[in-house]
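Before any comments, here is the structure.
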Amino acid sequence: MIPSAFEYHRPADVASAVKLLAELGDDARVLAGGHSLIPMMKLRMAELEHLVDLQAVAELKAISVEDGTVSLGAMVTQHDLIDSEELFRAAPILRETALQIADPQVRYMGTIGGNVANGDPGNDMPGLMQCLGATYVLEGPEGRREVAARDFYEAAYMTDRADDEILVQVRFAATTGGYAYEKQKRKIGDYATAAAAVLIEAEGGTVTRASIAMTNVSDTPVWSEAAADALTGTTCDDAALQAAVDAMLADIDPQEDNRGPIEFKRHLAGVILQRAIARAFQRA
Amino acid sequence: MSKMHIKMTVNGQKKELLSEPRQLLIHVLREELGLTGPHIGCETSHCGACTVEMNGKSVKSCTVFAAQADGAEVTTIEGLGNPDGLHVLQEMFKEHHGLQCGFCTPGMITRAHRLLQENPNPTEEEVRFGMAGNLCRCTGYQNIVKAILAAAAEMNSAKEAAQ
């Protein structure tokens with residue numbers, strides 16, 4: 001499988017990459033780890049004239065945890081996320097999620113920036129970033145701007161990012177309390193049939209704060225404020241779990257595909273969410 | 001489209017070649033450099049038969065453009081051992097029947113090599129998790145896992161003896 005021909009560019013900094021995108025226009029795409037884009041190019045479902053490879057942009061590989069804020073450059077790989085003890089201490093749900101993405105070879109190449117920016121509803125990081133209340137930093141010809149992960153996704157592969165912008169950084173507050181990323185997939189390497197990201201803070205056995213998002217049960221990730229509200233102030237008993245699941249089921253819109261019919265997916269979303277909540281609460 | 005001048009260090013040797021940017025690393029390795037150890041299996045980044053090491057990472061070379069590998073250090077199965085001097089992983093795959101048809105074996109061994117660099121003393125579960133990107137349609141994996149665990153033990157005792 002040979003992709004159509006393109007020109008290859010390897011800028012050394014973000015400013016040069018943004019300039020290239022502005023000059024080359026619609027015919028150019030940014031390449032991060034390439035493990036979504038290259039398969040699409042090989043199938044010729046993506047054909048482009050120019051590929052702007054970000055691998056040499058050192059500033060996009062930075063990981064930092066400062067004053068309770070986690071900042072990840074867009075080119076930080078899933079492998080880097082798993083490998084970093086600093087990140088594990090600041091937000092252990094990142095490692096738990098990254099370990100469930102694809103397989104080892106793909107995780108060496110796949111990046112946080114690519115995973116959140118390409119808008120594939122099957123990707124795991126967008127749901128997690130909505131759960132974390134993350135902020136995305138985009139850089140374009142007019143400079144930098146910030147968008148909340150919860151406002152970024154419009155539809156499958158449609159995001160708030162403009163064609164001439166590059167997602168350069170992901171930022172969120174370090175977490176406290178319990179966490180869980182629970183994912184049902186048909187086999188290793190598969191996208192989720194349904195997955196849930198849950199953060200819970202508790203005091204004396206009562207939930208004081210919760211955040212809940214799900215992956216691949218709509219054409220965008222689904223962050224459900226109502227599901228979190230259903231848990232807050234409860235002891236996470238069966239009634240509260242059911243209320244949270246009911247609230248989430250009202251917010252999702254799964255479609256039938258080769259992972260199953262809608263009824264199955266709704267059932268599964270409930271099971272996965274219950275498991276994620278139970279595990280997060282246990283760790284809180 | 002113009003060709004690109006690409007420099008790579010492959011199995012310790014400096015290589016220079018002209019390549020179209022769209023050419024995949026697996027094609028350059030096999031067709032331009034004659035390294036036919038890495039195999040083309042699924043061509044869709046699932047099977048791992050094309051696994052090579054690039055800059056200290058296990059990668060599926062069917063999902064990397066040659067242009068991305070410009071400046072990289074690449075190791076293929078040919079760089080690990082040869083018929084006159086097998087790598088301990090190759091010995092252990094032979095010893096423990098870690099292969100039947102052999103098609104997946106170069107990718108398996110190249111991946112296992114990196115896995116043992118990062119985790120010299122893995123549990124069986126860690127081996128299975130670490131090898132999850134490589135498919136084998138013959139062995140049922142049991143003997144592959146055994147071979148990798150045996151190679152880890154062998155490499156560790158050789159290291160101890162050397163100290």
Side-chain angles (χ1 to χ4, degrees), chain A residues 1-10 12 27-29 31-56 61 75 77-80 82-83 98-111 114 185-191, chain B residues 1-6 19-27 31 38 40 42-72 107-108 110-112 114-115 118-119 122 126-135 141:
Chain A
M1 289 190 285
I2 315 284
S4 59
F6 58 85
E7 294 276 352
Y8 176 83
H9 308 265
R10 196 189 286 187
D27 296 332
R29 280 285 292 275
L31 179 74
H35 276 53
S36 299
L37 183 57
I38 294 174
M40 285 299 110
M41 291 173 72
K42 285 162 69 179
L43 294 166
R44 302 214 177 191
M45 289 166 78
E47 292 192 45
L48 38 94
E49 306 269 309
H50 297 274
L51 204 52
V52 179
D53 184 353
L54 299 180
Q55 70 162 288
K61 293 176 188 167
M75 290 296 283
T77 65
Q78 312 296 354
H79 182 81
D80 298 333
I82 293 164
D83 214 29
L99 280 169
Q100 297 182 65
I101 295 175
D103 63 47
Q105 283 95 319
V106 176
R107 292 194 292 266
Y108 281 108
M109 294 298 283
T111 63
K185 49 190 177 181
R186 297 171 302 177
K187 61 180 177 71
I188 282 275
D190 195 16
Y191 292 102
Chain B
M1 287 287 159
S2 57
K3 288 198 168 187
M4 264 184 79
H5 189 202
I6 290 175
S19 161
E20 275 191 77
R22 64 173 166 172
Q23 207 170 5
L24 295 161
L25 179 57
I26 185 69
H27 292 140
E31 290 159 25
I40 300 174
C42 69
E43 262 198 288
T44 53
S45 49
H46 287 95
C47 79
C50 64
T51 298
V52 301
E53 192 167 313
M54 182 173 88
N55 296 332
K57 303 166 166 188
S58 297
V59 301
K60 295 181 178 178
S61 59
C62 77
T63 310
V64 174
F65 288 122
Q68 289 173 278
D70 185 23
M108 286 283 175
T110 313
R111 168 58 196 147
R114 168 73 358 216
L115 175 66
E118 291 177 10
N119 182 359
E126 285 166 345
V127 169
R128 288 183 185 275
F129 194 77
M131 297 300 296
N134 293 73
L135 301 181
Y141 302 100

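As a basis for the values below, the full set of heavy atoms in this structure was taken, side chains included, without hydrogen atoms, waters or symmetry mates. In this text the structure is predicted, and so the values were computed from the model without any measurement. Within every chain, numbering begins at 1; the chains are lettered A, B, ... in the order of the sequence lines, protein sequences first and strands thereafter.
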The test is side chain to side chain contact (heavy atoms under 4.5 Å, CB included); show your working for A:Arg107 and B:Lys57 and say whether it passes. CA-CA 10 Å; A:Arg107 292 194 292 266; B:Lys57 303 166 166 188; over 6 Å; no

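- Contact annotation for B:Thr51: only side-chain heavy atoms (C-beta onward) come within less than 4.5 Å of a heavy atom of chain A.
- In this structure, B:Glu43 contributes its side chain and A:Met1 its backbone to a donor-acceptor pair below 3.5 Å.
- Nearest heavy atoms, A:His35 versus B:Thr63: CE1-O, 3.5 Å.
- Side-chain contact between B:Asp70 and A:Arg10 is present, with heavy atoms from C-beta onward closer than 4.5 Å.
- Smallest separation of non-hydrogen atoms from B:Gly130 and A:Pro104: O-CG, 3.3 Å.
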Residues B:Met54, A:Met109; criterion side chain to side chain contact (heavy atoms under 4.5 Å, CB included); working and verdict: CA-CA 10 Å; B:Met54 182 173 88; A:Met109 294 298 283; 4.3 Å; yes

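- Heavy-atom neighbours of A:Arg29 CZ from other residues, nucleotides or ligands within 6.0 Å: at or below the threshold of 12.
- Shortest non-hydrogen contact noted between B:Leu24 and A:Lys42 is CD1-CE, 3.9 Å.
- Interface remark: B:Gln23 contributes no atoms to any contact with chain A (heavy atom separation under 4.5 Å).
- With hydrogens and angles ignored, the 3.5 Å screen pairs no side-chain donor or acceptor of B:Glu20 with any backbone N or O of A:Ala5.
- Residue A:Ile38 comes nearest to B:Phe65 through the heavy atom pair CG1-CE1, 3.5 Å, listed as atom of the first residue, atom of the second, then distance.
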Mind running side chain to side chain contact (heavy atoms under 4.5 Å, CB included) on A:Asp83 and B:Glu118 for me, showing each step along the way? CA-CA 10 Å; A:Asp83 214 29; B:Glu118 291 177 10; over 6 Å; no

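- Separating the CG atom in A:Leu43 from the OG1 atom in B:Thr44 is a distance of 8.5 Å, to the nearest 0.5 Å.
- Using modelled atom types, no side-chain atom of B:Arg22 and backbone atom of A:Phe6 make a donor-acceptor pair closer than 3.5 Å.
- Of the options B:Ser2, B:Ser19, B:Pro21, a side-chain contact (heavy atoms from CB on, under 4.5 Å) to A:Tyr8 is made by B:Pro21 and by none of the others.
- For chain B, the option among A:Ala56, A:Ser4, A:Gly33 with the highest count of heavy-atom pairs below 4.5 Å is A:Ser4.
- Contacts of A:Leu51 with chain B are made by side-chain atoms alone, with heavy-atom separations under 4.5 Å and no backbone atom involved.
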From CA spacing to verdict: side chain to side chain contact (heavy atoms under 4.5 Å, CB included), A:Gln105, B:Val59: CA-CA 5 Å; A:Gln105 283 95 319; B:Val59 301; 5.8 Å; no

